[in-house]
Amino acid sequence: MTAPEDSAPGESDLLRRWNATLLAARAGREGPDPAPYGRDLLGRWAEPQRRYHTVAHLRAVLDRIDELADQGGEGGELELVRLAAWFHDAVYRPDRSENEERSASLAERALTEAGLTPHEVAEVARLVRLTVTHDPEPGDLNGETLCDADLAVLASDPDTYRGYAAAVREEYAFVPDDAFRQGRAAVLRHLLDLPRLFRTPYGAAAWEERARENVEKELAGLTAP
């Protein structure tokens, strides 16, 4: 896994978080320096085609994982959940449909090299692939935590939500308006059809109602005559 020489300004805290997470996941086992892997990932999250799936989104997901852990201890293997957050959109091309699979494959290669066990690598990759549907099985504590953290943006205040929706549209600027509205509406309907957007007790209590209001409002705007 190659890495740029330096991380972007203001990202040193994220690199420290990455280093601490990977070292904690290795639990004292020997392995290579975590930093080059973190710099590579930060470089990926800063690619120019991104408008929403940026370093800011990565930071927000990591912060929401911490919030969930602080509020209720959700997640059976939090360090693996955090690693999955780092990888879940590490490969992102808006014009391709296999981003999650390619991100999971990247995690499998990088984390094997970085010293994780086969079980740990497989779990991180599984979690990355789960972000295709955001529909973890009941009792999947790791999956519930990652999916809730990834979807927490849906429960933003109205102005922040509008900014999120606008950034998603910018990422798909190459798609004509009619086609984008149809595709985005299908995504929103899938979310609304889930039995619950948020599966952790804290997420369901703190985020569900506002998230559904935001999604329903966006869907109404997309489908209005």
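Every value quoted in this text rests on a predicted model; they were computed, and no experiment measured them. Computed from heavy atoms alone, side chains included, the values below leave out hydrogens, waters and symmetry copies.
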Is any side-chain N of the basic residue among [X] and [Y] closer than 4.0 Å to the acidic one's carboxylate O?
X    : Y    : answer
D63  : R59  : no
D135 : R199 : yes
R102 : D89  : no

Q.
Heavy-atom count check: over 12 atoms from other residues, nucleotides or ligands less than 6.0 Å from E47 CD?
A. yes

With distance as the sole criterion, is a donor-acceptor pair present between the side chains of [X] and [Y] under 3.5 Å?
X    : Y    : result
T200 : D148 : yes
S103 : E100 : no
Y52  : E170 : no

Q: Kindly compute the distance separating CG (L111) from CZ (F87), expressed to the nearest 0.5 Å.
A: 4.0 Å

Q. Parallel under 30°, tilted from 30 to 60°, perpendicular over 60°: which one fits the rings of H57 and H53?
A. perpendicular

Q: On the 0 to 90° scale, with breaks at 30° and 60°, tag the F180-Y172 ring pair as parallel, tilted or perpendicular.
A: tilted

Q. How about W45 and Y92: are their ring centroids closer than 6.0 Å?
A. no

(Q) Taking L197 as the starting point, is it possible to reach Y202 by hopping between hydrophobic residues whose side chains are less than 4.5 Å apart? (A) yes

Q. According to a 4.5 Å side-chain heavy-atom criterion applied to Ile, Leu, Val, Met, Phe, Trp and Tyr, with indirect links allowed, do L146 and V132 form part of one hydrophobic cluster?
A. no

